[in-house]
Amino acid sequence: MKPTERELPVFDVRAHDRAILTELQAAVARVMQSGWFILGPELERFEQAFADWLGGGHVVGVGSGTDALQLALTAIGAGTRDAVITAPNTAVPTVSAITAAGARPVFADVEPGSALIDPERIADAIAPNTRAIVPVHLYGRAASLDAIGEIARRHGLAVIEDAAQAHGARFRDRPVGTWGELGCFSFYPSKNLGAYGDGGAVWTADANLARRLKQLRNYGQSDRYRHETVGINSRLDEIQAAVLAAKLPHLGAWNVRRQQLARIYRERLQGLPLELPAEPSAPDAHVYHLFVVRVHRRDRVRAALEARGIATQIHYPVPVHLQPAYRHLGHAEGDFPQAEAWCRETLSLPFSPVMSENDVLRVADALAAALATGDS
Ligand SMILES: Cc1ncc(COP(=O)(O)O)c(C=O)c1O
């Protein structure tokens, strides 16, 4: 690292919000002064604004992306006798939500070129007890929602999208999260739309499902002290809702900036011995929650970047079917070879809409040097 250069993190939350800090402070102060912290007007305003941003339907704010998935599964009645299909290279919470809903996770391998769930492998994984498919729009790119929807229709299954990493990504003419019966979002601080703590939401076109979700997130309560169903406590609080409502008008521009920076990475890294993220053609839109490349001997490349003050991350190093917590599912190495290969080679470079073009070029050039000098 040159003396004039600073350490580059993968994502810097404080830098991300710096330009709108006063708006965010005002939003938080408004809630503090109101004295209303749970299930109030800020949440209603954000739910409506996010539903409008997604093109209509209903949004129900919940405590996290994990809870969004769990409650979505519970809302459609998925439970102990059911199997739910998802990808093995997802964030573990996709799978822990299926387990928390009482259902059994079943994995379908991913496409070699995209790291996204492979519709053909979904078709192979369907059994009489399959209830739902949870496609994950990993890294900000839409899974093949047309093929997945077709399989779901043919077999009478629900599609519950995990759009935790893909706010604003589009498949054909619609945003992801609005293709299935239910779409689940996370507002974890580093997401494309991030809160100042945990947060999540479920989208649905169905008013009855939205009503059911509102009960489920609030101890199953339909009216005060009347409990129609067994629920949990998982509510997007007023402070988080106010922060998210203040950030939402900026999300479109942030996503466009991510796409511009991704283009710079792509141009600079073209021709190197690595795999770049596949760019879908319009009208599909990748929102680059992460900029992920695939490289051989990944750990040596990481170390070379680290030595130049450039942090990287791995999303994710171990596929869920090989995690100790899921040993009971009975899988072994080799069961999902494409997902396993991604986990061995995936590398997330520094990326955020407030990075400068020079920062992107610095990372790209350091990566090129690492690949050229035999560091890899
Ligand atoms: C793909 C995916 N699904 C689910 C989740 C869970 O979201 P949360 O951390 O808000 O519970 C995350 C985020 O961590 C995620 O990246």
Side-chain angles (χ1 to χ4, degrees), residues 10-11 13 46 50 59-74 84-101 103 105 107-108 110 114-117 132-143 145 148 159-169 176-177 180 182-203 213 217 232-237 239-241 243-244 247 258 277 286-292 313-321 323 325-326 339 342-343 346 348 351-352:
V10 175
F11 183 84
V13 188
F46 172 68
F50 196 44
V59 165
V60 179
V62 297
S64 68
T66 312
D67 287 356
L69 288 158
Q70 180 190 336
L71 294 177
L73 286 161
T74 304
V84 174
I85 298 173
T86 195
N89 60 335
T90 185
V92 165
T94 312
V95 182
S96 55
I98 294 169
T99 311
F107 298 109
V110 296
S114 70
L116 299 167
I117 196 163
I133 304 166
V134 178
V136 182
H137 307 304
L138 200 66
Y139 310 145
R141 182 176 172 197
L145 286 165
I148 293 169
V159 174
I160 296 178
E161 293 172 71
D162 182 340
Q165 301 188 0
H167 318 68
V176 306
L182 298 142
C184 300
F185 294 87
S186 162
F187 304 124
Y188 183 82
S190 61
K191 299 299 195 224
N192 290 36
L193 180 63
Y196 278 180
D198 276 316
V202 186
W203 176 92
L213 284 161
R217 74 175 172 188
I232 61 173
N233 175 358
S234 181
R235 304 167 299 208
L236 183 65
D237 69 61
I239 287 182
Q240 303 309 338
V243 165
L244 292 165
K247 286 187 171 191
R258 285 176 184 271
H286 191 325
V287 290
Y288 295 96
H289 170 56
L290 298 165
F291 191 90
V292 172
Q313 280 177 15
I314 299 173
H315 300 91
Y316 298 92
V318 180
V320 186
H321 67 282
Q323 290 284 356
Y326 293 94
W342 272 97
C343 290
T346 186
S348 304
F351 202 65
S352 103

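The chain is numbered in sequence order, starting from 1. Only heavy atoms go into these numbers, but all of them, side chains included; no hydrogens, no water, no symmetry mates. Whatever order the structure lists them in is the order used to number ligands and atoms, beginning at 1.
- Interface atoms of ligand 1 facing A91, defined by a heavy-atom separation under 4.0 Å, are 2 (C), 15 (C), 16 (O).
- Polar contact check, S186 against ligand 1: a nitrogen or oxygen pair lies under 3.5 Å apart.
- Of the protein's non-hydrogen atoms, Q165 NE2, 2.9 Å is the one closest to atom 16 (O) of ligand 1.
- In this structure, the side chain of Q240 engages the main chain of Y196 through a donor-acceptor pair within 3.5 Å.
- Close approach of ligand 1 to V136 is summarised as follows: ligand atoms under 4.0 Å from at least one heavy atom of the residue are 1 (C).
- Of the possible donor and acceptor atoms, none in the side chain of H137 sits under 3.5 Å from a partner among the backbone N and O of L116.
- Remark: ligand 1 and T90 share no N or O pair separated by less than 3.5 Å (distance only, no angle test).
- The shortest heavy-atom distance from Y316 to ligand 1 is under 4.0 Å.
- Nearest non-hydrogen protein atom to atom 5 (C) of ligand 1 is P93 CG, 3.6 Å.
- R217 places none of its side-chain heavy atoms less than 4.5 Å from the side chain of D67.
- With contacts defined as side-chain heavy-atom distances shorter than 4.5 Å, the pair I117/V136 does not qualify.
- At a threshold of 4.5 Å between non-hydrogen side-chain atoms, the residues H315 and T346 do not count as touching.
- For the pair Q70 (side chain) and A101 (backbone), a donor-acceptor distance under 3.5 Å is absent.
- Of the candidates L69, V92, V95, D162, D162 brings a heavy atom nearest to atom 1 (C) of ligand 1.
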Derivation and outcome, side-chain contact (heavy atoms from CB on, under 4.5 Å), residues V92 and Y326
CA-CA 10 Å; V92 165; Y326 293 94; 4.2 Å; yes
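- S64 places no side-chain N or O within 3.5 Å of a backbone atom of D198 that could act as its donor or acceptor partner.
- Set against the non-hydrogen atoms of T66, the atoms of ligand 1 under 4.0 Å away are 6 (C), 7 (O), 8 (P), 11 (O).
- At least one N/O-N/O distance between G65 and ligand 1 falls below 3.5 Å.
- Remark: minimum distance from atom 13 (C) of ligand 1 to any protein heavy atom is reached at K191 NZ, 2.9 Å.
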